[in-house]
Student: 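If you scroll down you'll find the structure; I have some questions about it.
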Amino acid sequence: MISPFRKRPWIAAVSLLLAVSGAAPAQSPGFRAPEAPALDSRVSAALEQVSAERIRASIEKLASFGTRSTLSAQDPASIAAGRGIGAAREWIKAEFERYAKECGGCLEVKTDGFTEPAADRIPQPTEITNVYAVLKGTDAENANRIVLVTGHYDSRNSDVLDGKGDAPGANDDGSGTAVSLECARVLSKLKFPATIIFLTVAGEEQGLNGSHHFAQMAREKMAKEPGGNLEAVLNNDIVGGDRSVEQDHSVVRVFSEGLPAAATEQEIRRIRGLGGENDSGSRQLARYIADAGRSYDVGVKPILVFRLDRYLRGGDHSSFNQQGFAAVRFTELREDFQHQHQNVRTENGMEYGDLPKFVDFDYVARVARLNAATLASLASAPAPPANVRLLTKDLENDSTLTWEASPGGLASGYEVLWRLTTSPEWEHVEKVGDVRRTSLKLSKDNVIFAIRAVDAQGHRSLPVVPLPER
């Protein structure tokens, strides 16, 4: 049976986009298209444990606190009464602690609290607390490599300064918080060489305050730890699959920045000169997510949107972009604005407000599986190769690339990727083995290259686009 919304023109356009992005690229003689990453049976089993019912329970519990406005009550009496952001914070912390107990203490549960000074959406200095759990990597040489999933647990209604009125925030962003919680629950049962952080932040609706603080803290920490790197940030915000007639529950949008927010003027000039506007770290992460979605049976297809966020709008991933980290945003395909940033009410027969009954919990579970597959793949993989270069000393039609070994000792070999400059995803791959240099009969004028590391089990790192070396 064909759903009636597929007759709508905009849905037809999305279907065309999916058909085009999924089409097999033209083959070059002697080369082959990239394969989906190797399946990890442990990860496949973990993805099967993602539960729509548990996600429902989490979102309904978050909505039950009445409001989770960053400006709402945090005093002991309100926490005991189960109303306000303080009560939500304590419940999230208790959930992470419960998962930690179930896995024998494998998770380290932490809070990142600070006082945000008065600003446009902060009428007086306000305590903001991020809550997170750390699944420490088991490999000493790779444990300082981190991948992170996040959602914001604060909410709002029509008046962003209203800290007392109901603001259930089921979709925005109880859904994203539930994704972080569910990823922590299922992945904490496994061990990975690299570290995974399951984060929930506050202050998003007031100005990305929580994510800004955490990203800045992460940057300072990385600067102090040799070999440490926050390789990827997955931000889930409005992934509830609102039950509107025009929703498409088979897809999820993945937004990624083009020119890096943290790039210097010199770096921006180089990017423009090389035609690398479509090859930021965030774009490579988005492509990696697409690979994970093709490899594992997650039930939802990522649509890559090459834009920082929705048109003239923003989210917590941009806080990490500003600190130089690769970060993307997951969001349902078609938002229903009557169910976002609205007081709960009924007017002229129309229901307003962000209530759990408008959320598709099965859809959230599918998005959680895509996040978990990506996190597990990255945390299992080698670090990206270092100092990747494209030699340009001589004028020649062939292309020679060099690189240094992937740090951490997990890599058993390397692969060269390339695509036409107009293509959104990698089109070709060449396995080159455990070497540090390779030449291809391809002109660097016509394609974009990248190198990635691969381990003996087929886990693949994020690709690295080379810099020119004269």
Side-chain angles (χ1 to χ4, degrees), residues 53-101 107 109-116 121-133 150-182 184-185 198-211 213-214 236-237 240 316 340-344 353-359 361 364:
E53 284 305 310
R54 285 182 178 268
I55 285 171
R56 175 198 288 270
S58 294
I59 293 175
E60 289 180 344
K61 182 65 177 181
L62 288 164
S64 76
F65 295 112
T67 178
R68 303 190 308 278
S69 166
T70 299
L71 307 179
S72 62
Q74 304 186 52
D75 59 282
S78 298
I79 292 173
R83 183 173 179 88
I85 195 167
R89 176 191 70 218
E90 294 304 309
W91 177 79
I92 292 169
K93 184 170 179 286
E95 283 294 283
F96 279 138
E97 289 171 341
R98 181 163 67 88
Y99 304 156
K101 184 177 180 180
L107 291 174
V109 181
K110 297 184 176 184
T111 58
D112 164 34
F114 60 98
T115 300
E116 184 72 19
R121 294 189 174 190
I122 307 281
Q124 61 188 23
T126 299
E127 178 188 355
I128 294 179
T129 306
N130 302 319
V131 187
Y132 61 108
T150 186
H152 70 88
Y153 72 93
D154 62 306
S155 65
R156 61 163 290 184
N157 54 31
S158 300
D159 180 1
V160 73
L161 296 179
D162 178 6
K164 295 183 178 180
D166 284 349
N171 193 353
D172 185 15
D173 187 31
S175 63
T177 302
V179 167
S180 280
L181 287 168
E182 190 66 356
R185 188 183 71 84
F198 309 96
L199 174 65
T200 65
V201 298
E204 193 269 356
E205 302 290 3
Q206 310 309 120
L208 313 183
N209 309 105
S211 59
H213 189 269
F214 195 92
N236 290 265
D237 196 349
D316 285 317
Q340 293 178 30
H341 299 185
Q342 294 282 347
N343 285 346
V344 178
D354 192 356
L355 296 166
K357 67 179 180 179
F358 300 127
V359 173
F361 304 107
V364 183

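As a basis for the values below, the full set of heavy atoms in this structure was taken, side chains included, without hydrogen atoms, waters or symmetry mates.
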Student: Are any of the side-chain nitrogens in Glu97 or Lys93 under 4.0 Å away from the carboxylate oxygens of its partner?
Tutor: yes
Student: Can you tell if the side chain of Ser78 reaches within under 4.5 Å of the side chain of Phe65, non-hydrogen atoms only?
Tutor: no
Student: Which residues pass the ring pair (Phe, Tyr, Trp, His ring centres under 6.0 Å) test with Phe361, sequence neighbours left out?
Tutor: none
Student: Can any side-chain N or O of Ser155 pair as donor or acceptor with the backbone N or O of Ala167 at less than 3.5 Å?
Tutor: yes
Student: Tell me every residue that passes side-chain contact (heavy atoms from CB on, under 4.5 Å) with Pro76, counting only those two or more places apart in sequence or in another chain.
Tutor: none
Student: His213 vs Asn130, test: side chain to side chain donor-acceptor pair (under 3.5 Å). Steps then yes/no.
Tutor: CA-CA 9 Å; His213 189 269; Asn130 302 319; 4.8 Å; no
Student: Between Leu71 and Val160, is a side-chain contact (heavy atoms from CB on, under 4.5 Å) present by the stated rule, with each step listed?
Tutor: CA-CA 9 Å; Leu71 307 179; Val160 73; over 6 Å; no
Student: Roughly how far, to the nearest 0.5 Å, is CG of Asn209 from CG of Asp154?
Tutor: 8.5 Å
Student: Could you please spell out the steps behind the side-chain contact (heavy atoms from CB on, under 4.5 Å) verdict for Tyr99 and Val109?
Tutor: CA-CA 10 Å; Tyr99 304 156; Val109 181; over 6 Å; no
Student: Measure the spacing between CG of Asp112 and OG1 of Thr200 and express it to the nearest 0.5 Å.
Tutor: 10.5 Å
Student: For a quick test of reading the model, state the closest non-hydrogen atom pair linking Tyr153 to Ile85 and the distance between them.
Tutor: CE1-CG1, 3.5 Å
Student: Considering residues at least two apart in sequence or located in another chain, which fulfil the side-chain contact (heavy atoms from CB on, under 4.5 Å) criterion with Ala170?
Tutor: Ile59, Asp354, Pro356, Val359
Student: When rounded to the nearest 0.5 angstrom, what is the spacing between CZ in Phe214 and OG1 in Thr150?
Tutor: 8.0 Å
Student: Restricting to non-hydrogen atoms, name the atom on Ser69 and the atom on Gly163 that form the minimum distance, rounded to 0.1 Å.
Tutor: OG-CA, 3.8 Å
Student: Could you list the residues that satisfy side-chain contact (heavy atoms from CB on, under 4.5 Å) with Leu208, not counting sequence neighbours?
Tutor: Glu204, Ser211, Asp316, Ser318, Ser319
Student: Restricting to non-hydrogen atoms, name the atom on Asn343 and the atom on Ser158 that form the minimum distance, rounded to 0.1 Å.
Tutor: N-OG, 2.9 Å
Student: Can you pull out every salt bridge (charged side-chain N to carboxylate O under 4.0 Å, His left out) where at least one residue sits in residues 67-79? Sequence neighbours excluded, please.
Tutor: none
Student: Of all the heavy-atom pairs spanning Glu116 and Ile128, show the shortest one and how long it is.
Tutor: CB-CD1, 3.7 Å
Student: Between Thr129 and Gly113, is there a donor-acceptor pair closer than 3.5 Å when you use the side chain of the first and the backbone of the second?
Tutor: no
Student: Write down the atom of Gly86, the atom of Ile79, and the distance for their closest heavy-atom approach.
Tutor: C-CG1, 3.6 Å
Student: Can you list the residues that meet the side chain to side chain donor-acceptor pair (under 3.5 Å) rule with Gln74, with sequence neighbours excluded?
Tutor: Arg89
Student: How far apart are the closest heavy atoms of Gly240 and Val364, and which atoms are they?
Tutor: CA-CG2, 3.6 Å
Student: Can you sort out the partners of Tyr132 under side chain to side chain donor-acceptor pair (under 3.5 Å), two or more places apart, ordered by chain and number?
Tutor: none
Student: I need the full list of salt bridge (charged side-chain N to carboxylate O under 4.0 Å, His left out) pairs touching residues 54-67, with sequence neighbours left out, sorted by first then second residue.
Tutor: Glu53-Arg56, Arg56-Glu60
Student: Could you name each residue pair satisfying salt bridge (charged side-chain N to carboxylate O under 4.0 Å, His left out) that touches residues 169-178, not counting sequence neighbours?
Tutor: none
Student: Holding to side chain to side chain donor-acceptor pair (under 3.5 Å), I want the full list of residues that pass it with Gln206, two or more places apart in sequence or in another chain.
Tutor: none
Student: Looking at residues at least two apart in the chain, or sitting in another chain, which of them share a side chain to side chain donor-acceptor pair (under 3.5 Å) with Lys357?
Tutor: Glu351
Student: Would you list the pairs meeting salt bridge (charged side-chain N to carboxylate O under 4.0 Å, His left out) in which at least one residue belongs to residues 155-171, sequence neighbours left out?
Tutor: Arg83-Asp166
Student: Do Glu95 and Arg185 pass the side-chain contact (heavy atoms from CB on, under 4.5 Å) test, and can you show the C-alpha distance, the side-chain angles, and the key distance before you say yes or no?
Tutor: CA-CA 9 Å; Glu95 283 294 283; Arg185 188 183 71 84; over 6 Å; no
